[in-house]
Amino acid sequence: MPELPEVESLRASLARTLVGRTCLSVEVREQRLRRRVDPVALGALVGRKFVAVGRRGKYLLIELSGQLLLLVHLGMSGSLTRRQSDLTPAGLSVRHDHLTLALDDGSRLVYNDPRRFGLVRLLSLGERDSAPELRILGAEPLEDRFNGGWLWRQARRRRAALKNLLMDQRIVAGIGNIYAAEILFCAAVRPTRRSSRLTREQAARIVEATKQVLQRSIGRGGTTFRNYLDGRGVPGRFAAELQVYGRAGKPCRRCRTPIGVARLGQRATFYCPKCQR
DNA sequence: CGTTCCACCTGCCAGC
DNA sequence: TGCTGGCAGGTGGAAC
């Protein structure tokens, strides 16, 4: 489900409301996520104060007192919501509330994930750079290291489709299936193009498009295509602005040509056959 | 090494 | 109305 803009929106909202609170208790109701959740390790959260909320790629990095770092990945269907009452927000089922942190203001922070592809793991702050999940991540797309020349150099040695390059977290961290499609439409480049055939000019356009699309979506609170909810249980508003994702057969918003769909690496890939070359 | 395929899960929807 | 198959915003390991 959540890609960089959704995680970033969540990060910002948690940074505003969570920092300064103290965790009073931890309840693990389901350990079977992508990696087994360790209730004993998470017990170290009790009595700790939330210090800061960061992000790396699609990972949320929640920093607590005592040099603790709570690593959260939402997988395909995860959400992390702050709840003032005992009610589960509309759209979520209480049976997938796997982890609950009770806070000192009477609210709860709840991790819900129907498909259980997500990850919750407690690290020490010092492990930030050595944790296997984070160590392999490539450039942050909104930082300066991610620029046209750099992307072109990464692309030239690969022959896989360009869209797969953009979705490879070891190259660029945070882009998934929705934004890869939207970025390549914005840059007017075919997702099926071989990476090694990318021109410098196209690489520069893709980088510009990446920053523009991601920033714009962050400004809208991310994309709710199916069931993503932010930290308050509210859907993102960028879905209304999707140009190609999920629009197979519908007219291109730029040229009216029907949007095409291909399969790339077992993922649906949407593009305009006329606008994208 | 790069690339492709598959498994991991539940929910939902189209088609029969 | 049910049932079934296919698909869904991700990742990592196996196999080539």
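Lettering follows sequence order; numbering is per chain, from 1.
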>> Heavy atoms only, 4.0 Å cut-off, all strands: where does A:R263 land among base, sugar-phosphate and nothing?
In response: sugar-phosphate

>> At 4.0 Å (heavy atoms only), tell me whether A:L33 reaches a base, stays on the sugar-phosphate, or touches nothing.
In response: nothing

> Excluding sequence neighbours, so at least two apart, what forms side chain to side chain donor-acceptor pair (under 3.5 Å) with A:T269?
Replying inline: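 A:T269: side chain to side chain donor-acceptor pair (under 3.5 Å) contacts with A:K163.
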
> Does A:E127 have any side chain to side chain donor-acceptor pair (under 3.5 Å) partners at least two apart in sequence or in another chain, and if so, which?
Replying inline: A:S124

From [atom1] of [X] over to [atom2] of [N], roughly how many Å is that when rounded to an integer?
{"X": "A:Y179", "N": "C:dG10", "atom1": "OH", "atom2": "C1'", "result": "15 Å"}
{"X": "A:F270", "N": "C:dC7", "atom1": "CZ", "atom2": "P", "result": "11 Å"}
{"X": "A:L4", "N": "C:dG10", "atom1": "CG", "atom2": "P", "result": "12 Å"}
{"X": "A:L60", "N": "C:dG9", "atom1": "CG", "atom2": "P", "result": "21 Å"}
{"X": "A:L119", "N": "C:dG9", "atom1": "CG", "atom2": "C1'", "result": "17 Å"}
{"X": "A:M76", "N": "C:dT11", "atom1": "CE", "atom2": "P", "result": "10 Å"}
{"X": "A:Q266", "N": "B:dC6", "atom1": "CD", "atom2": "P", "result": "6 Å"}

> Any side-chain N or O of A:K58 less than 4.0 Å from the OP1 or OP2 oxygen of C:dG9?
Replying inline: no

> Which pairs with one or both residues in residues 262-277 of chain A pass salt bridge (Lys or Arg N to Asp or Glu O under 4.0 Å), sequence neighbours excluded?
Replying inline: none

> salt bridge (Lys or Arg N to Asp or Glu O under 4.0 Å): which pairs involve residues 211-225 of chain A, sequence neighbours left out?
Replying inline: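 Every salt bridge (Lys or Arg N to Asp or Glu O under 4.0 Å) pair that includes a residue of residues 211-225 of chain A, provided the two are not neighbours, is A:R216-A:E241, A:R220-A:E241.
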
> Which pairs with one or both residues in residues 241-263 of chain A pass ring-ring contact (aromatic ring centres under 6.0 Å, His included), sequence neighbours excluded?
Replying inline: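 Checked against ring-ring contact (aromatic ring centres under 6.0 Å, His included) - neighbours excluded - the pairs reaching residues 241-263 of chain A are A:F225-A:Y245, A:Y245-A:F270.
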
Taking only nitrogen or oxygen atoms into account, show me every contact under 3.5 Å that the protein makes with nucleotides 8-12 of chain B, one pair per line with its distance.
residue : atom : partner : partner atom : Å
B:dC9   : O3'  : A:R116  : NH1          : 3.4
B:dC9   : O2   : A:R115  : NE           : 2.8
B:dC9   : N3   : A:R115  : NH2          : 3.3
B:dT10  : OP1  : A:R116  : NH1          : 3.4
B:dT10  : O4'  : A:P114  : O            : 3.4
B:dT10  : O3'  : A:H96   : NE2          : 3.3
B:dG11  : OP1  : A:R95   : NH2          : 3.0
B:dG11  : OP1  : A:H96   : NE2          : 2.8
B:dG11  : OP2  : A:R95   : NH2          : 3.1

What are the two closest non-hydrogen atoms of [X] and [Y], and how far apart are they?
{"X": "A:L134", "Y": "A:R128", "answer": "CD1-O, 3.5 Å"}
{"X": "A:E6", "Y": "A:T223", "answer": "OE2-N, 2.7 Å"}
{"X": "A:S77", "Y": "A:R116", "answer": "OG-N, 4.3 Å"}
{"X": "A:L92", "Y": "A:R83", "answer": "CD1-NH2, 3.8 Å"}

Give the table of side-chain donor-acceptor pairs shorter than 3.5 Å for residues 248-256 of chain A, with sequence neighbours excluded, one pair per line with atom names and distance.
residue : atom : partner : partner atom : Å
A:R253  : NE   : A:L242  : O            : 3.0
A:R253  : NH2  : A:L242  : O            : 3.0

> Taking only residues two or more places apart in sequence, or in another chain, which ones meet A:Y271 in a ring pair (Phe, Tyr, Trp, His ring centres under 6.0 Å)?
Replying inline: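 Here no residue qualifies.
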
> Residues in ring pair (Phe, Tyr, Trp, His ring centres under 6.0 Å) with A:F117, at least two apart?
Replying inline: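 With neighbours one apart ignored, the set is empty.
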
> Hey, can you pull the residues of residues 151-176 of chain A with a non-hydrogen atom under 4.0 angstrom from DNA chain C?
Replying inline: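 Here the set is A:Q169, A:G176.
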
>> With rounding to the closest Å, how many angstrom separate the P atoms on B:dC9 and C:dC3?
In response: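 Here B:dC9 and C:dC3 have their P atoms 24 Å from each other.
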
> For atom C1', what is the distance between C:dG9 and B:dT3, given to the nearest Å?
Replying inline: 23 Å

>> Show me the dot-bracket string of DNA chain C, counting Watson-Crick or G-U pairs under 3.5 Å, with | for pairs to another strand and [ ] for crossing ones.
In response: .|||||||.|||||||

> The side chain of A:E3 lies closest to which of these nucleotides: B:dC6, C:dG12, C:dG10?
Replying inline: C:dG10

Just the atom pairs and distances: protein N or O near nucleotides 13-16 of chain C's N or O, under 3.5 Å.
none

